[in-house]
Amino acid sequence: MLIIDGEVVNISNTSVLLDNSVKPKRRTEDRAVPERFPLEHIRNIAIIAHIDAGKTTVTERVLYYTGRTYKIGEVHEGTAVMDWMEQERERGITITAAATTCHWQAHRINIIDTPGHVDFTAEVERSLRVLDGGVVVFDAVAGVEAQSEVVWRQADRYHVPRICFINKMDRIGADFNRALSMIEQRLKARPLPLQIPLGSEASFAGVIDLVENKAWHLDEDPDSKPREMAIPESDKGRCSEFRQALVEKLAEVDDDIMAAYLEGRDIAPAELKAALRRATLANKGVPILCGSALKNKGIQLLLNAILDYLPSPLDVPPIKAVDARTGATVTRPAQDDAPFTALAFKVVTDPFVGRLVYLRLYSGKVKAGAQVFNAARGKKERIGRLLLMHANHREEIDEADTGAIVATLGLKNTFTGDTLCHQSQAVLLEAIRFPEPVVSVAIEPKSRVDQDRIGEALNKLAEEDPTFKVTHNQDTGQTVISGMGELHLEVLVGRLFSEFKVGARVGRPWVAYMETITVPVRAEGRFVKQTGGRGQYGHVWLELEPVERGTGFQFVDKVKDGSIRKQYIPAVAAGVREAMETGVIAGYPVVDIKATLYDGSYHDVDSSDLAFKMAGSIALRSGVNRAQPILLEPVMKLEIVAPGQFLGDIIGDLNSRRGQVSAMETQVDMSVVRAMVPLAEMFGYASDLRSMTQGRATHSMEFYRYQRVPAELADKIKATGGR
């Protein structure tokens with residue numbers, strides 16, 4: 001029991017607090033939050049979904065009901081608190097993940113609202129890497145969409161427990177049962193519906209709680225609370241069927257429920273709730289809720305479910321790390337008195353305060369002004385100010401504890417994926433992996449003044465976004481920027497103009513091709529240079545082999561009998577990597593290759609790191625030339641939703657773009673087409689699709705894999721550079 005503002009609150013059963021919920025006093029946006037919460041009362045969650053499913057709308061309601069904001073922000077009006085960037089408000093989409101902290105029923109909830117567009121998938125990736133749980137939002141009409149599958153796989157990769165909120169139940173065409181079926185079939189999940197809707201479409205009025213066996217009337221008034229009501233007679237049969245199905249699904253994964261089910265005894269709500277929590281934390285089931293965020297329906301019940309079923313930092317396994325000195329695997333428990341360990345997962349350039357680094361504290365505490373150690377860079381850093389973030393608003397705090405998500409100023413040499421810790425107990429957390437960019441454009445400054453500033457601005461953007469790359473083409477003298485798609489680059493160039501006030505001319509986008517080899521070869525690299533004094537001598541033999549697509553680069557040291565000194569082997573690897581940046585067909589990077597160093601020779605006086613680095617580069621280029629190199633192109637997974645009358649035109653157009661249709665299905669009066677199409681054929685597709693379908697079709701696209709370019713196109717790409 002807790003006493004808050006003179007009221008007694010039972011925190012062990014949050015779902016009973018709907019009529020007597022304690023709404024925290026609304027806080028000013030520039031005052032730090034003084035409350036300290038035990039770890040079991042902390043939730044670190046992400047709101048994730050396909051674009052336009054309603055993530056930000058859900059988050060805005062959460063902030064209002066928890067007392068974090070005075071007024072509900074609306075995406076369509078450009079007033080959403082979490083979509084604070086100018087471009088987000090203009091486009092009506094989330095571009096960058098925004099963090100905030102709020103409080104509900106004596107718990108602290110740290111929330112990151114993530115983008116839904118596939119071009120900004122890196123924001124979802126890094127958010128899920130540092131969070132303990134997720135709320136996946138689905139559109140009740142569309143069900144599981146393309147990007148829904150992407151974010152679900154990302155959550156699977158990091159073993160993030162999640163609950164689902166089927167949103168937009170008030171829309172025409174909303175189908176709760178169909179959404180459940182799609183979650184089960186397309187996501188291979190075990191949906192555990194905790195609620196079923198009362199009414200549908202325009203008559204959607206509330207939900208039936210299958211756990212408590214009661215109904216809630218949900219009103220559109222944002223200041224009203226869910227009102228308990230009797231389950232309508234017409235819905236009692238449906239309620240009984242769904243509850244029985246819920247118990248049976250739980251019995252498959254929970255021994256206690258299985259025992260009760262076999263004994264034929266009634267299962268109390270508390271027992272059912274405990275089993276649901278166990279199943280959720282073990283990723284054996286996914287609780288399903290429903291509502292309409294835009295109409296303010298179901299958000300309080302969702303908040304209760306976040307507390308009831310999503311993990312606290314104590315419920316997730318202790319984070320694993322590598323001891324920076326010994327290389328041994330160690331763990332860091334979620335305790336304030338454990339050694340300080342934090343992961344930098346986001347870097348932001350704030351126009352008012354400078355460079356902000358977002359941290360997730362996995363163990364220990366840190367105070368403003370403390371000296372910490374960047375284990376990834378081997379450098380000491382000093383924490384400047386510590387800030388709790390509410391989108392782009394900041395609240396200064398003196399200390400951050402275990403489980404906190406904070407931003408800090410003063411870290412000059414810390415980047416995304418770096419580990420901060422105590423120098424005496426230095427450890428390395430697993431870094432965050434990001435996909436490689438697939439689209440490039442050339443960019444040049446408009447004036448001499450812009451020339452002086454464009455480099456710094458591009459570097460700051462690259463620091464913020466690991467999927468944004470800046471390179472300089474030595475042959476043409478051009479600066480080339482690369483990203484995850486046309487929209488991604490368009491947004492970043494827009495930020496260059498609006499935030500950094502840099503004028504620039506941007507060329508047409510082109511595809512980021514890759515090169516690889518198809519047969520194994522052995523190659524010799526010899527670098528010998530004599531200039532009268534001390535010379536240079538490096539000699540290596542490499543075995544180059546193709547590996548599975550997406551594997552990347554592997555370097556193996558198999559040198560025996562000391563033919564090459566150990567101290568020179570890292571230089572050979574560095575030389576090979578450097579040579580792989582420019583291929584032999586059209587100058588694209590070489591990927592998916594295994595290089596085994598198995599022999600060579602050195603000179604006692606003339607050998608050096610530089611000589612062996614050059615020898616490694618020479619061997620790589622020589623070997624790739626003889627290993628039947630080929631060009632690879634990015635292939636995209638495309639999903640199109642359009643009226644059936646346009647299906648023939650769409651299929652014909654895809655065939656002309658070298659597309660391969662993988663599946664087609666019908667949803668009410670719409671058809672869904674899924675296909676694999678080379679990215680090179682997809683520039684300007686949005687306009688073409690609108691023309692073909694009178695503006696009635698939508699599409700989404702995500703990177704699928706790299707595959708071989710047909711021979712007849714490879715020569716053309718080689719001649720034109722792919723542009």
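Start at 1 with the first residue, then count along the sequence. Both backbone and side-chain heavy atoms feed into the values below; hydrogens, waters and symmetry mates do not.
- Without hydrogens or angle criteria, Arg657 side chain to Glu681 main chain gives a donor-acceptor distance under 3.5 Å.
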Quiz item: Would Leu489 and Phe468 satisfy side-chain contact (heavy atoms from CB on, under 4.5 Å), going step by step from the backbone distance to the final call?
Solution: CA-CA 8 Å; Leu489 291 179; Phe468 176 62; 4.2 Å; yes
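- Shown here is Arg626, whose CZ atom has more than 12 heavy atoms of other residues, nucleotides or ligands within 6.0 Å.
- A 4.5 Å side-chain heavy-atom check between Met636 and Met701 finds at least one atom pair inside the cut-off.
- Not one N or O on the side chain of Asp450 forms a donor-acceptor pair closer than 3.5 Å with the backbone of Pro445.
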Exercise. Test salt bridge (charged side-chain N to carboxylate O under 4.0 Å, His left out) on Glu499 and Lys460 and set out the steps.
Key: CA-CA 11 Å; Glu499 291 180 31; Lys460 286 181 178 179; over 6 Å; no
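- Summarising the geometry of Ser601 relative to Phe612, their closest heavy-atom pair is O-CZ, 3.2 Å, with the distance given to 0.1 Å.
- Nearest heavy-atom pair across Thr416 and Pro466 is CG2-CG, 4.0 Å.
- With respect to Arg186 and Glu639, a salt bridge is recorded, a charged nitrogen being found less than 4.0 Å from a carboxylate O.
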Exercise. Please report the C-alpha distance between Asp465 and Thr467 in whole Å, then the side-chain angles of each, then the deciding distance to 0.1 Å, and finally whether the side chain to side chain donor-acceptor pair (under 3.5 Å) criterion is met.
Key: CA-CA 5 Å; Asp465 188 345; Thr467 59; 2.6 Å; yes
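- Pro318 has its side chain out of reach of Gln335: every pair of non-hydrogen atoms, C-beta onward, lies at least 4.5 Å apart.
- Gly403 and Pro313 get closest at one heavy-atom pair: CA-CG, 4.1 Å.
- Both cation-pi conditions hold for Arg360 and Tyr362: the charged atom is under 6.0 angstrom from the six-membered ring centre and inside a 45 degree cone around its axis.
- More than 12 heavy atoms of other residues, nucleotides or ligands lie within 6.0 Å of CD in Glu712, so this atom counts as buried by the packing criterion.
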Practice problem: Decide side-chain contact (heavy atoms from CB on, under 4.5 Å) for Lys560 and Asp599; before the verdict, give the C-alpha distance in whole Å, the side-chain angles of both, and the deciding distance to 0.1 Å. | Solution: CA-CA 7 Å; Lys560 297 179 180 178; Asp599 201 2; over 6 Å; no
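- Here CG of Leu638 is found 11.0 Å from CG of Leu679. Values are rounded to the nearest 0.5 Å.
- Partner Tyr588 forms a side chain to side chain contact (heavy atoms under 4.5 Å, CB included) with one of Val511, Thr516, Ile717 and no other, that one being Ile717.
- Taking all atoms of both residues into account, the shortest heavy-atom contact from Gly538 to Ala611 is N-CB, 3.8 Å.
- Figure legend: Arg355 and Phe415 shown as a cation-pi pair, the cationic atom lying under 6.0 angstrom from the six-membered ring centre and within 45 degrees of its axis.
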Exercise. Run the numbers on Glu149 and Leu187 for side-chain contact (heavy atoms from CB on, under 4.5 Å), then give the verdict.
Key: CA-CA 7 Å; Glu149 295 185 60; Leu187 303 180; 3.9 Å; yes
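- Residues Leu128 and Ala46 approach most closely at CD2-CB, 4.2 Å, considering heavy atoms.
- For Glu456, the CD atom is loosely surrounded, since the number of other residues' heavy atoms within 6.0 Å does not exceed 12.
- Considering Glu125, Glu464, Glu463, Glu123 in turn, Glu123 is the only one that fulfils the salt bridge (charged side-chain N to carboxylate O under 4.0 Å, His left out) rule with Lys346.
- Crowding of Gln371 atom CD: a count of heavy atoms from other residues, nucleotides or ligands under 6.0 Å exceeding 12.
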Quiz prompt | side chain to side chain donor-acceptor pair (under 3.5 Å) evaluation trace for Asp592 with Thr551 | solution = CA-CA 5 Å; Asp592 300 336; Thr551 304; 5.2 Å; no
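- The structure places CD of Gln154 at 13.5 Å from CZ of Arg129, a figure rounded to the nearest 0.5 Å.
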Quiz prompt | Chi angles and distances behind the side-chain contact (heavy atoms from CB on, under 4.5 Å) call for Leu409, Leu356 | solution = CA-CA 5 Å; Leu409 293 164; Leu356 282 171; 3.5 Å; yes
Exercise. Could you walk me through whether Asp609 and Arg565 pass the salt bridge (charged side-chain N to carboxylate O under 4.0 Å, His left out) test, one step at a time?
Key: CA-CA 10 Å; Asp609 285 347; Arg565 284 181 178 170; over 6 Å; no
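- More than 12 heavy atoms of other residues, nucleotides or ligands sit less than 6.0 Å from atom CZ of Arg505.
- The side chain to side chain contact (heavy atoms under 4.5 Å, CB included) with Val493 is formed by just one residue from the set Val502, Val506, Leu461; it is Val506.
- Using cut-offs of 30° and 60° for the angle between ring planes, the Tyr598 and Trp541 rings count as tilted.
- In this structure the side chain of Leu496 reaches within 4.5 angstrom of the side chain of Leu458, judged on heavy atoms.
- Looking at Asp132 and Asp315, their side chains never come closer than 4.5 Å, going by heavy atoms from C-beta outward.
- The distance from atom CZ of Phe500 to atom CZ of Arg453, rounded to the nearest 0.5 Å, is 11.0 Å.
- The shortest non-hydrogen separation linking Ser363 to Pro339 is OG-O, 2.6 Å.
- Using cut-offs of 30° and 60° on the angle between ring planes, the pair Tyr568 and Tyr602 is tilted.
- For the residue pair Ser608 / Gln536, a side-chain donor-acceptor distance below 3.5 Å is found, with atom types taken as modelled.
- Annotation for Arg708: atom CZ does not count as buried by contact number, only 12 or fewer foreign heavy atoms lying within 6.0 Å.
- Ring geometry for His539 against Tyr537 counts as perpendicular: the plane angle is over 60°, on a 0 to 90° scale with 30° as the lower cut.
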Exercise. Report the C-alpha separation of Glu430 and Arg157 in whole Å, then their side-chain angles, then the decisive distance to 0.1 Å, and conclude whether the salt bridge (charged side-chain N to carboxylate O under 4.0 Å, His left out) test is met.
Key: CA-CA 13 Å; Glu430 182 185 356; Arg157 188 180 309 131; over 6 Å; no
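- Distance alone, capped at 3.5 Å, places no donor-acceptor pair between the Glu444 side chain and the Thr479 backbone.
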